[in-house]
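Okay, so here's the structure we're looking at.
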Amino acid sequence: MTLTYKKKLIEVAIPLEAINAAAGYEKMPGIGPHPRGLHQYWARRPLSASRAILFAQLVDDPSSHPDKFPTDEAVETERKRLFQIIEELVKWENSTNDEVLQRARAEIRASCGEELPPVYDPFSGGGSIPMEAQRLGLPAYGSDLNPLAVMIGKAMIEIPPKFKDMDPVHPGLKDRNHYRHVEGLAEDVKYYGEWMHRKAWESVGHFYPNVELPNEYGGGNGTVIAWVWARTVPSPDPAFSDVPVPIASSFLLSSKKGQEAWVEPMVDKLTKKITYRVRHQGTKEEIAKAKEGTKAGRGASFRCLLSDTAITSDHVITAAKSGALGQALIAIVAERKGGRAYVAPNERHESTALSAEPHWRPTQLQPRNPRWFSTPAYGMETFGDLFTDRQALTLSTLSDLLDEVRTNIEADAVEAGFLADSTPLRDQGRGAKAYAEAVSVYLQFAIDRCADFSNTAVRWNPSNQKVMNLFARQAIPMTWDYGEANILGDVVGGFRPAATFISKCIQTLVPYSDGYLRSHDAQTVRFPKNAVVSTDPPYYDNIGYADLSDFFFAWTRRGLKEVYPEIFSVLATPKSEELVATPYRHGGVQSAEKFFLNGMREAIRNFCSQTRSDIPATIYYAFKQSEIEKEGISSTGWATFLQAVLEAGYSVVGTWPIRSEQTYRMVAAGTNALANSVVLVCRKKEDTAETITRAEFIRALKRELPPAISELQAANVSPADMPQSAIGPGMGIFSRYKAVLESDDSQMSVKTALQLVNAELDDFLGGIQGEFDPDTRFAISWFEQNGMGKGDYGVADNLARARGIAVESVKHAGIVESQAGKVRILRRNELDPSWEPQTDTHLTIWECLQYLVRAHEKDGISYNTALLLRKIDDKAEAVKDLAYCLYDICANKRQDAKEATAYNALIADWTELTRQAAMIHDIRGTGQTSMDF
């Protein structure tokens, strides 16, 4: 078939490891202010990955220009140059580097006829993709059904260009003389956040008293960081049924070595009272006991401190629903010179907190969905029930100040030279009124950030001694003890630090082009002319975006409904049209899957019909860890999503796995934490597509998939990423046909096609074995059967003879140990430490790989590892093939994750090791080497 378009880089090759390394780094905590810090949202794509994908999606692959690059060598050289641009582009420190960004923009412009195409994301969510389009100088468009997502998108891409390169308007001294990008806007957010803090303190500051420090801390007053509370229920023992007893998951306050602190409950059965004191350090047994709190098992199972009676889950639920779920102050955490101070609770602090009377709190009901929401089962029916009275009072007080602060900012803006224009921000205003509204958007985000840290579902973290935010994961869990941050203090969870933090995040925005974000569903939204699509749709049933967003929506709506009345005309985020397969909303698993498939097909068909044909679309899909473990690459969610893509009119021409999540995620494997993303590269299906049979499809797979997999291996796609990478060429074959018919003339499903692609990949990796030396082939088969364990000599002998050798041959090669009628493969730490490949008279691929893995495990990318690869010389490619083969055996057949990781890590570093090995030369012909730089 003759191509009618130029292939883009993303259809051929991308520097996957560099992109994945940058994406992983970006997800690490502690890298400093980041655009995602503007507001919490769920499952955002890393900015670095979004940036790289957009670049590779728009830039031509060199093979599309045979006039410029007539030879394979020239194509490869040019491709490496483009890879280098991407490798620089994805580095976090280059995200505001004008020189690097200009270089990328020049390449895009050259490939797009000097006219930068608009990029549209119809599922904009957290805003990563349109923001990165804007960073690359492209007109950026996005839309989302979720009003919270729309507001985040506006704050990231629509508002900043309106007020770019402007000075701040606040009175008094300025932080600097010259302001670029949105630094002036950021400074005003910080300044007016300070003003709001002062006004809030005047109103409700008396609810946040200091605490008197005990003598062991030097006495005096300390500023409270947080109050630590434990929930209580009436004792189940009839003798103490009138006494509220704590149900705490932990009494530990600080686990820092040498600074341990914990709460010790003091029980007086005669007076039926429980008081609390703070202890320091202590024995291992005391610390371990404190860490357990009053827990007596999983879930809501506790023990009564007064009677040692079991407090069952049913008792807790009954108490909660009857209004008997209370709270007791168990400790006060204060700031002092030299660190934290942990103080026993006192009546003044408890009564002050309980005397607060909020004039408003959210009334929106929480969903009846225990998968994401545990709290309604314990009587917390509304989102407002998640806040203490003091928290609700302070947050609503801050919210009330937004109208006043907008008035002040508008007056200051006019005084500073802004046009006294009454056009509001929602109508694309750029005058004083619009600017005041813009600043208030970010100040509302600071209030939302406080809400994330200041509610009764957060936990006190004893390891870093601070309150943790609620949405460390995408759910609202029940907590039995919680930390209440001082919202008016300079602490984590405080408003002033939140406004300062958001100000810093604003400074990371780089508005090189205009951006537009609107509220609309993806199935009917209209695109700008000649738009290119890159989008990150909802992930089947993984995340309840709308349900979770309602936690923030009530607060955001209260503060910004006058600024964006149309967006906040609804009382809650839209649910019925949201494209997620939620069984509780759609009456079961099957109907939820049908709803998702139909809706996603219509949405994708909508943008397939409107967008240009000369540039492919890129669509992200995220796997759950459990999805991979249980069903592999043919999982139900994945297959359903692919089915929607193909039925909408696309062919899948490439798939690239983006490792976008932290390896140490808070949520363990098997839950709804996102483990990995795949980017689908899609082209519009040809009108002339034909129908073929199952047998013809399998023949096409066997003919076309092996060379495609070889190309992926040559590009050093890691073994762990290979199954998902191979989907691209496999589904490219499947999706270029109108239909593939089974023997009964029914159409082959995507799920079946995925299984056939995976089977062909297994055959390919198994077929590699025939190209190895006989000793290596024996070792592969023996390892597959026995791992590193022992097996009978007779079985080994038969296996060896089938390969034309004897067990003694494999033993002579230094691969196995054979004694007492048993045979086992030697572990890497048992191999000869003085081994040299040049002098080994019985050299095998198995040995070469195992010695290389041993060196890599010990030294990583190092001179010694590169030197060993250099000595292996012409066997290097076979060694890499064997690493793929053994990874497949370890990961999929032996379930040996540790061994699989060793092979995967070697391939991940293969490119750099090869580069370093090529620079090593034997300068005397005697084995003495030097590095040629």
inquiry  = One pair to check against side chain to side chain donor-acceptor pair (under 3.5 Å): Ser781 and Glu784. What are the steps and the verdict?
reply    = CA-CA 5 Å; Ser781 299; Glu784 188 170 353; 5.6 Å; no

query = So, the side chain of Gln57 versus the backbone of Pro616: is there a donor-acceptor pair under 3.5 Å, distance only?
reply = yes

ask   = Would Glu690 and Lys738 pass as an ion pair if we require N to O under 4.0 Å?
value = no

ask   = Are Gln643 and Thr640 close enough that a side-chain donor and a side-chain acceptor fall under 3.5 Å?
value = no

key: Main-chain N/O of Leu9 paired with Asp60 side-chain donor or acceptor, under 3.5 Å   = no

key: Non-hydrogen atoms of Val653 and Cys682 that approach each other most closely   = CG2-N, 4.4 Å

ask   = Just by distance, do the side chain of Ser746 and the backbone of Glu742 share a donor-acceptor pair under 3.5 Å?
value = no

request  = Could you tell me whether the side chains of Ser809 and Asp775 share a donor-acceptor contact shorter than 3.5 Å?
outcome  = yes

inquiry  = Contact between Val652 and Val681 at the side-chain level, heavy atoms closer than 4.5 Å - yes or no?
reply    = no

query = Do you see a donor-acceptor pair shorter than 3.5 Å between the side chains of Asn798 and Arg801?
reply = no

ask   = Donor-acceptor pair, Trp656 side chain versus Ile10 backbone, under 3.5 Å?
value = yes

ask   = How about Leu754 and Asn758: do any of their side-chain heavy atoms sit closer than 4.5 Å?
value = no

task = Answer yes or no: is there a side-chain heavy-atom contact under 4.5 Å between Phe772 and Asp881?
result = yes

Value rounded to 0.5 Å, distance of CE in Met788 from CG in Leu826 = 9.0 Å

inquiry  = Please verify the inter-ring angle class for Trp782 with Phe778; under 30° counts as parallel, over 60° as perpendicular, anything in between as tilted.
reply    = parallel

inquiry  = Does any part of the side chain of Asp536, heavy atoms only, come nearer than 4.5 Å to the side chain of Ile619, both counted from C-beta?
reply    = no

ask   = Looking at side-chain heavy atoms only, is the closest gap between Asn20 and Tyr25 below 4.5 Å?
value = no

Atom pair CZ (Phe734) and CD1 (Ile727), whose distance is rounded to the nearest 0.5 Å = 13.0 Å

task = Please assess Lys880 against Leu906 for the test side-chain contact (heavy atoms from CB on, under 4.5 Å), listing each intermediate value before the final yes or no.
result = CA-CA 9 Å; Lys880 187 168 78 166; Leu906 177 66; over 6 Å; no

request  = Determine, stepwise, if the pair Thr582 / Phe596 fulfils side-chain contact (heavy atoms from CB on, under 4.5 Å).
outcome  = CA-CA 9 Å; Thr582 311; Phe596 177 84; over 6 Å; no

inquiry  = Once rounded to the nearest 0.5 Å, what's the spacing between atom CD of Glu26 and atom OG of Ser48?
reply    = 4.0 Å

ask   = What's the shortest heavy-atom distance between Pro837 and Leu843, and which atoms?
value = O-CD2, 4.0 Å

message = I want to check something: taking the side chain as every heavy atom from C-beta on, are Val678 and Ile658 in contact at a cut-off of under 4.5 Å?
response = no

ask   = Given side chains that start at C-beta, do those of Asn892 and Ile889 come closer than 4.5 Å, heavy atoms only?
value = no

query = Got a donor-acceptor contact below 3.5 angstrom from the Ser111 side chain to the Val59 backbone?
reply = no

inquiry  = For the CG atom of Leu868 and the NZ atom of Lys871, what is their distance to the nearest 0.5 Å?
reply    = 7.0 Å

query = Hey, are Thr752 and Ser749 close enough side-chain-wise for a donor-acceptor pair under 3.5 Å?
reply = yes

inquiry  = Please determine whether salt bridge (Lys or Arg N to Asp or Glu O under 4.0 Å) holds for the pair Arg736 and Glu704, giving the CA-CA distance in whole Å, both sets of side-chain angles, and the decisive distance to 0.1 Å.
reply    = CA-CA 13 Å; Arg736 72 176 176 232; Glu704 299 179 41; 2.5 Å; yes

Test item: Ser64 side-chain N/O and Lys7 main-chain N/O as donor-acceptor pair under 3.5 Å = yes

query = Just wondering, are more than 12 heavy atoms of other shown residues or ligands nearer than 6.0 Å to CD in Gln785?
reply = yes

inquiry  = Minimum heavy-atom separation for Ser710 and Phe764, please, with both atom names.
reply    = OG-CZ, 3.5 Å

remark   = One should read off an interatomic distance between Asp744 CG and Arg694 CZ, to the nearest 0.5 angstrom, of 10.5 Å

inquiry  = Checking side-chain polar atoms at under 3.5 Å, does Thr618 have a donor or acceptor matched by the opposite partner on Ser534?
reply    = yes

message = Taking atom CD as the centre, does Gln895 end up with more than 12 heavy-atom neighbours from other residues, nucleotides or ligands that are less than 6.0 angstrom away?
response = yes

query = Heavy-atom count around Arg81 CZ within 6.0 Å, excluding the residue itself: above 12?
reply = yes

Donor-acceptor under 3.5 Å (Arg683 side chain, Asp614 main chain) = yes

key: From OG1 (Thr611) to CG (Asn606), nearest 0.5 Å   = 9.5 Å

query = Taking C-beta and beyond as the side chain, do Val879 and Leu852 meet within less than 4.5 Å on heavy atoms?
reply = yes

key: Arg854 with Glu847: basic N within carboxylate O range, under 4.0 Å   = no

key: Glu899 side chain to Tyr903 side chain, donor-acceptor N/O pair below 3.5 angstrom   = yes

Non-hydrogen atoms of Leu16 and Pro657 that approach each other most closely = CD1-O, 3.2 Å

Derivation and outcome, salt bridge (Lys or Arg N to Asp or Glu O under 4.0 Å), residues Arg45 and Glu132 = CA-CA 11 Å; Arg45 294 308 93 213; Glu132 289 311 307; over 6 Å; no

key: Check: Gly860 main-chain N/O paired with Thr865 side-chain donor or acceptor under 3.5 Å   = yes

query = Please walk me through it: do Phe123 and Ile129 pass side-chain contact (heavy atoms from CB on, under 4.5 Å)?
reply = CA-CA 10 Å; Phe123 296 102; Ile129 293 171; over 6 Å; no

ask   = Arg803 side chain to Pro774 main-chain N or O, any donor-acceptor pair under 3.5 Å?
value = no

Passing option when Leu701 is tested against Leu761, Ile733, Asp763 for side-chain contact (heavy atoms from CB on, under 4.5 Å) = Ile733

inquiry  = Walk me through whether Ser609 and Lys684 qualify under side-chain contact (heavy atoms from CB on, under 4.5 Å).
reply    = CA-CA 9 Å; Ser609 65; Lys684 294 183 181 182; over 6 Å; no

request  = Taking atom types as modelled, find out whether Thr776 and Asp773 have a side-chain donor-acceptor pair closer than 3.5 angstrom.
outcome  = yes

ask   = Below 6.0 angstrom between ring centroids: does that apply to Phe697 and Tyr737?
value = no

task = State whether the side chain of Asp61 and the backbone N or O of Ser63 hold a donor-acceptor pair below 3.5 Å, judged by distance alone.
result = yes

key: Lys8 versus Leu58, closest heavy-atom pair with distance   = NZ-O, 3.0 Å

request  = Mind jotting down which residue pairs meet the salt bridge (charged side-chain N to carboxylate O under 4.0 Å, His left out) criterion with at least one end in residues 588-600? Sequence neighbours excluded, please.
outcome  = none

request  = Grab the two heavy atoms, one from Leu913 and one from His856, that are nearest each other, plus how far apart they are.
outcome  = CD1-CD2, 4.1 Å

